Amino acid sequence: MHNKLDVMGRSRFWLAHLALMRSLASFWNWLAHRLAWPYVELLIRLWIAKLFFFFGVRELMHWDNGLQLR
């Protein structure tokens, strides 16, 4: 009987510990989405804009090659 109570006591401890960890993970997930995601999205958009810009400049500088591709 003593072993059964000891196991239940330990399982309650781990369940409480997991609940705390879940709430901390939820908080960090919320924080990352609210604070970091707009900057990550901006960096992705700037990277794509850079690609379009450099490909466009290259095609303008080598207009004859660009016309041959079409």
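Only a predicted model underlies this, so the values are computations on that prediction, with no experimental measurement involved. Side chains included, hydrogens not; waters and symmetry mates left out as well; all remaining heavy atoms used.
- Using a 4.5 Å heavy-atom threshold, the side chains of Trp30 and His33 count as separate.
- Qualifying side chain to side chain contact (heavy atoms under 4.5 Å, CB included) partners for Leu31, counting only residues two or more places apart in sequence or in other chains: Phe27, Trp28, Leu35.
- We find the CH2-CD1 distance between Trp37 and Ile44 to be 4.5 Å, quoted to the nearest 0.5 Å.
- Leu24 belongs to a hydrophobic cluster whose other members, connected by ILVMFWY side-chain contacts under 4.5 Å either directly or through intermediates, are Leu20, Met21.
- Judged as a salt bridge (Lys or Arg N to Asp or Glu O under 4.0 Å), and not counting sequence neighbours, Arg22 has no contacts.
- A single hydrophobic cluster is seen to contain both Trp47 and Phe52, as judged by linkage of ILVMFWY side chains at heavy-atom distances under 4.5 Å, directly or through other members.
- Linking Ile, Leu, Val, Met, Phe, Trp and Tyr residues whenever their side-chain heavy atoms come within less than 4.5 Å places Phe54 and Met61 in a single cluster.
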